[in-house]
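Computed from heavy atoms alone, side chains included, the values below leave out hydrogens, waters and symmetry copies.
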Amino acid sequence: MASSFSSSSLLLPFFLIIFSCFIALSSSRRSLINHPSTNLPRSGFRLTLKHVDSGKNLTKIQKIQRGISRGSHRLNRLGAAAVWAVASGPDDTNNIKAPTHGGSGEFLMDLAIGNPPVKYSAIVDTGSDLIWTQCKPCTECFDQPTPIFDPKTSSSYSKVGCSSGLCDALSRSSCNKDKGACGYVYTYGDYSSTRGILAMETFTFDDENSVSGIGFGCGDENKGDGFSQGSGLVGLGRGPLSLISQLKETKFSYCLTSIEDSEASSSLFIGSLASNIVKKAGASLAGEVTKTMSLLRNPNQPSFYYLDLQGITVGSKRLPIEKSTFELAEDGTGGMIIDSGTTITYLEEAAFTALSKEFTSRMSLPVDDSGSTGLDLCFTLPSNAKKIAVPKLVFHFKDADLDLPGENYMVADSSTGVLCLAMGSSNGMSIFGNVQQQNFNVVHDLEKDTVSFVPTECGKL
């Protein structure tokens, strides 16, 4: 069934991007003294991102359902983690032994570790800091697509001492006196975990850009679901252990193509290239304007990138939502994070209910209650539909109004004949998901504490 829908005067195709990367709670707390040695180009560099489901014999709706399932599990973990962050203060003697992080991931990057370099793929995660991979000898390791790293074969491997700033940056660490090294443990919400020794190594990106002295977790006890699509994780969060922080870079961006685009690749840009690649590549969307907004900080969750959402408009109506609905509370709960990890956007229940009600009233299609897609609000498509009008959707942030293209919030499935809103309901935290971020170069400026949405044909980069 061939169909299309329009938002205002735009005529838009049906397509969805799913980009879900690993989310984790804060794992760091202090600035590092470490200064890695690099031969990176001054303008920065580009890395290709690969979806974990690429190359698999899956339909579009199957990919969507898999992404939503991973995202909903992570959302539940985040809710539990937010409670932990409030309840487990530094004086709480009954707190758990290690922070609880999210789980699973959606996009991978290729890199190499050691000297000589050993190639592997890792989950890219803007919601956490620690870089880690599995290491020999493994007490307990999951199956991974590439050989497990053996530190004994690398001339550039060294353990991190207990007095190091890197060790001090861990929220939970232990001093392994026998090995003279800093031990770490990360425990995830689905009972997955990684445990091992904090070490330093040379990492190589894009086969030619190498950096020595990068701190990483050399995991010899790793268990649970969510890791096997890669051979470790690369954290891009705001904390000192993340790749961005250790490279001393102040900018990075990602540009995500449609999940239906089997030829073009999504990209990650690190360094000043992040902010000028769109103009340089001639990939700007004509007539579109860059929107820049401030990022908030949460002392209880310092790795996350928080947005200051103040309202939502559906069609021509500003929804009657209390401003406090999206505010970051003094105790660190609530707020909205922008996540390169969650597939769809999740809004606090009261806000999502108001949005669904208004959206339904402006659609000319009957509501589909079958629940076949896993999305909360769907409509039945007529068999002969070729053009479908959908209400405009605008997110009002403190510094900018983001008017989303229709394909960034509507998902159609011709096999089941439904058209769905790519959003859901949550409690305790709202998340601006990556469906809403597709075909934007999303630029994080860590020096200015801003994020910019640059309308882009990501496939041209």
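- Note on Asp401 versus Lys291: no salt bridge recorded, every NZ/NE/NH1/NH2 to OD/OE distance being 4.0 Å or above.
- Between the side chain of Asn298 and the main chain of Gly332, a donor-acceptor pair closer than 3.5 Å is present.
- You'll find the ring centres of Phe205 and Phe45 inside the 6.0 Å limit.
- Inspection of the Glu407 and Gln438 side chains reveals no N or O donor paired with an N or O acceptor under 3.5 Å.
- Using modelled atom types, one side-chain atom of Thr373 and one backbone atom of Leu375 make a donor-acceptor pair closer than 3.5 Å.
- Applying the side chain to side chain contact (heavy atoms under 4.5 Å, CB included) test between Leu393 and each of Leu355, Asn408, Asp403 identifies Leu355 as the sole match.
- The aromatic rings of Phe304 and Tyr306 are tilted relative to each other, their planes meeting at an angle between 30° and 60°.
- With no hydrogens or angles considered, a side-chain donor-acceptor pair links Thr292 and Ser452 at under 3.5 Å.
- The backbone N or O of Ile344 sits nowhere less than 3.5 Å from a side-chain atom of Gln436 that would complete a donor-acceptor pair.
- Between the side chains of Ser43 and Ser272, not a single donor N or O lies within less than 3.5 Å of an accepting N or O.
- Using a 4.5 Å cut-off on side-chain heavy atoms (C-beta onward), Phe252 and Leu268 make contact.
- Here the side chain of Glu249 pairs no donor or acceptor atom with the backbone of Ile244 at under 3.5 angstrom.
- For the residue pair Ser340 and Thr126, a side-chain donor N or O sits within less than 3.5 Å of a side-chain acceptor on the partner.
- You'll find the side chain of Leu49 reaches within 4.5 Å of the side chain of Val124, heavy atoms only.
- Taking OG1 of Thr133 as the reference point, atom CD1 of Ile123 lies at 10.5 Å (rounded to 0.5 Å).
- Remark: the backbone N or O of Glu322 is paired with a side-chain donor or acceptor of Thr325 at under 3.5 angstrom.
- Counting only N and O atoms by type, the side chains of Thr353 and Ser356 include no donor and acceptor under 3.5 Å apart.
- Looking at Asp445 and Thr450, their side chains never bring a donor and an acceptor atom within 3.5 Å of each other.
- When the options Val418, Thr360, Leu421 are evaluated for a side chain to side chain contact (heavy atoms under 4.5 Å, CB included) with Phe379, the one that passes is Thr360.
- Judged by distance alone, the side chain of Asn115 and the main-chain N or O of Pro117 form no donor-acceptor pair under 3.5 Å.
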Residues Ser267, Arg46; criterion side-chain hydrogen bond (donor to acceptor under 3.5 Å, both in side chains); working and verdict: CA-CA 7 Å; Ser267 302; Arg46 174 186 184 270; 2.7 Å; yes

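- Proximity of Pro145 to Ser121: side-chain heavy atoms (C-beta onward) are separated by under 4.5 Å at one or more points.
- Below 30°, between 30° and 60°, or above 60°: for Phe395 and Phe397 the angle between ring planes is below 30°, a parallel geometry.
- Salt bridge Arg238/Asp449: present, at least one basic N to carboxylate O contact under 4.0 Å.
- For the pair Glu201 (side chain) and Ser212 (backbone), a donor-acceptor distance under 3.5 Å is absent.
- Rounded to the nearest 0.5 angstrom, Ser430 OG and Glu349 CD are separated by 11.5 Å.
- Side-chain atoms of Thr345 come within 3.5 Å of backbone atoms of Gly433 as a donor-acceptor pair (strictly under, hydrogens ignored).
- Relative orientation of the Tyr254 and His444 rings is tilted, given thresholds of 30° and 60° on the angle between their planes.
- The line from CG of Leu446 to NZ of Lys251 is 10.0 Å long, rounded to the nearest 0.5 Å.
- Side-chain contact between Phe432 and Gln437 is present, with at least one heavy-atom pair separated by less than 4.5 Å.
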